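Because only heavy atoms are used, hydrogens play no part in the values below, and waters and symmetry mates are left out as well, while side chains stay in. A, B, ... follow the sequence lines: proteins, then strands. Residue 1 opens every chain. These numbers were taken from a predicted model, which means no experiment stands behind them.
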Amino acid sequence: MKAFTYQRADSVMQAAAAAIKPGAKIIAGGTNLLDLMKLQVETPSQLIDINRLPLDKIEDTPERGLRIGAMVRNSDLAADPRVRQRYGVLSRALLAGASAQLRNKATTGGNLLQRTRCYYFYDVTKPCNKRSPGSGCTALAGFNRIHAILGTSDHCIATHPSDMAVAMRALDAKVETVNRQGETMVIPIAEFHRLPGTTPEIETSLKPGEIITAVTLPPPPPGVQVYRKVRDRASYAFALVSVAAIVDSTRGRIRSARLAFGGLAHKPWRVAQAEQQLANAPATAATFNTAANAVLEGARGFGGNDFKIPLTRRTLQSVLAEMTRA
Amino acid sequence: MDEHESNTEPSTLEVTRRTVIETGATGLLLTTLPRAVLAAGPVGDNEPSPAKVELQINGHLHSLTLDPRTTLLDALREHLALTGSKKGCDHGQCGACTVLIEGRRINSCLTLAAMHDSQSITTIEGLAWGDDLHPLQAAFVAHDGFQCGYCTSGQICSAVGMLAESQQGMPSYVTEDLTQLAAELSDAEIRERMSGNICRCAAYPNIVAAIKQAAGMPT
């Protein structure tokens, strides 16, 4: 680990002022950042610890939604009775991720900001445009079994590893931030994470010194909520493909549906056209297949991850069949 | 300043000999020490100032002055000679380093000691009362919940945290009805909730049996 100075922030504004300095990095749960620092993938010269900031509350909003503090631990969010009763897809997604020890430490804000698990991003001896811009992408012609099939670029085919963010995408969450000037900003989660394009090192819309303070959830949409995660082990493994689905249906007919996917792209993936195909449509295999076509529009494998295309289709068909079963 | 010189506790080398004799873990210590020293990495020109940390460990207050890079696990093992918590992967993947902070289980390898100033930490050394084993320790002995024993302290600390979580009604991935606030601890629940602790000897069936006994369930 490279040497760094350690500072504990006493206020959000103090953290924002410190975080704007080059080489400074915020540490929350630290379960991803310290892992990367040990491998010298991350080499901050200063760490700003925000663990003592009062951002650990889950509050009801006037709109009958929830406001989740950035420092709420993943385990506490998953166990909150309001989340379990009204946002089951979020609770399930959180519980599908990592281990209990990690969930006790990992935070809501940190989970959104976790870095990819691409093997080559982790291996400092290999070119990686995300870690070392302009050096190339080893995954394109390397072992790319876990990599993206949608929204990729010639510069990067990494995926975003979060389960939580996939559920939040389906729930139309908003990310609340504060900048160094003390201004509050609200970013729809759809715009928070970015596609790699030519700058895969820029992963979110956050500017230097901008700090996540909360995530807000609007009232839950009508319907059943499911999180289905397909992975190599039954527990404690990242998703190959995951689906956060919210489907409102009755007597074999779908009223409305929301679908967000993990493991497929550099950000949680959602396709409006697929959801339109499902709205007011009969819950049949043909309908599900049409929706899958829309989700997979433009999908491209890179050899090792070709299987993700049929796997995504079958996972979606299975989830929709289960959710609309009379 | 060298990391070990800055330590207000007895120096690592002094402690080592005593610890080796006490624990009989000669091989483990000899292989772990050089790696832990290396783990701090080379000292740069702009050496950061050491961090002062007070840790309440197993009911005792320890004041340490540490290189900020020191993980909680390294502080326990290398600075306080509490070698019961093990370094397996050092990347939060195996669970051998599991300790309880304010009663909650975490991976001590993936957190900095400085982040836990004035917090209460329980390690495997703090579970027994003298010769009276903690019920989970006794159950692991009774059910042979190990072979080589390297993961065991992490398994036991994790199980202590897991049973507390279960009593508080926290759900798991395999909990069928999330709205039911108290889930029954089936074998599947125990296995899912303990999936952050890997056992290379695969003593899993006996670990599950030990946990069930300690939880007062039929085994």
Proximal component of [X], with respect to chain A [non-hydrogen, under 4.5 Å]:
| X | result |
| --- | --- |
| L112(B) | both |
| S172(B) | backbone |
| R193(B) | backbone |
| E102(B) | neither |

Between R231(A) and Y173(B), is NZ or CZ placed under 6.0 angstrom from the six-membered ring centre and within 45° of the ring axis?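 Yes, R231(A) lies over the aromatic ring of Y173(B).
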If we ignore angles and hydrogens, is there a donor and acceptor under 3.5 Å between the side chains of T98(B) and S158(B)?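 Note: T98(B) and S158(B) side chains miss the donor-acceptor criterion.
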Tell me yes or no: between the side chains of H79(B) and T70(B), is some donor less than 3.5 Å from an acceptor?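 No, no side-chain donor-acceptor pair sits under 3.5 Å.
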Between R84(A) (side chain) and T179(B) (backbone), is there a donor-acceptor pair under 3.5 Å?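 A pair under 3.5 Å: no.
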For the side chain to side chain contact (heavy atoms under 4.5 Å, CB included) test, which of N197(B), I211(B), L136(B) pairs with I156(B)?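 Testing each of N197(B), I211(B), L136(B) against I156(B), the sole residue satisfying side chain to side chain contact (heavy atoms under 4.5 Å, CB included) is L136(B).
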Could you point out which residue of E189(B), E192(B), Q167(B), M194(B) forms a side chain to side chain contact (heavy atoms under 4.5 Å, CB included) with M162(B)?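 Only one of E189(B), E192(B), Q167(B), M194(B) forms a side chain to side chain contact (heavy atoms under 4.5 Å, CB included) with M162(B), namely M194(B).
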Would you mind telling me which of S99(A), G30(A), A96(A), A93(A) has the largest number of heavy-atom pairs within less than 4.5 Å of chain B?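 Among S99(A), G30(A), A96(A), A93(A), the one with the most close pairs to chain B is A96(A).
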As an exercise: rank I27(A), L33(A), D76(A), L47(A) by heavy-atom pairs under 4.5 Å with chain B and give me the winner.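 The option with the most such pairs is D76(A).
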Answer with side chain, backbone, both or neither: which region of [X] has an atom nearer than 4.5 Å to a non-hydrogen atom of chain B?
| X | answer |
| --- | --- |
| R8(A) | side chain |
| A78(A) | backbone |
| D49(A) | side chain |
| A28(A) | backbone |
| S75(A) | both |
| R233(A) | neither |
| N51(A) | side chain |

For chain A, which candidate among M115(B), M170(B), E165(B) shows the most heavy-atom pairs at distances under 4.5 Å?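 Option with the greatest count: M115(B).
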Picking from T175(B), T71(B), V174(B), which has the most non-hydrogen pairs under 4.5 angstrom with chain A?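 Going by pairs under 4.5 Å, I would pick T175(B).
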Which heavy atom in C157(B) sits nearest to a heavy atom in T123(B), and how many Å separate them?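 Closest approach of C157(B) to T123(B), heavy atoms only: SG-C, 4.0 Å.
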Just wondering, are more than 12 heavy atoms of other shown residues or ligands nearer than 6.0 Å to CZ in R64(A)?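 12 or below, so no.
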Salt-bridge test for D74(B) and K87(B): reply yes if a basic N is under 4.0 Å from a carboxylate O, no otherwise.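 Looking at D74(B) and K87(B), the cut-off is met.
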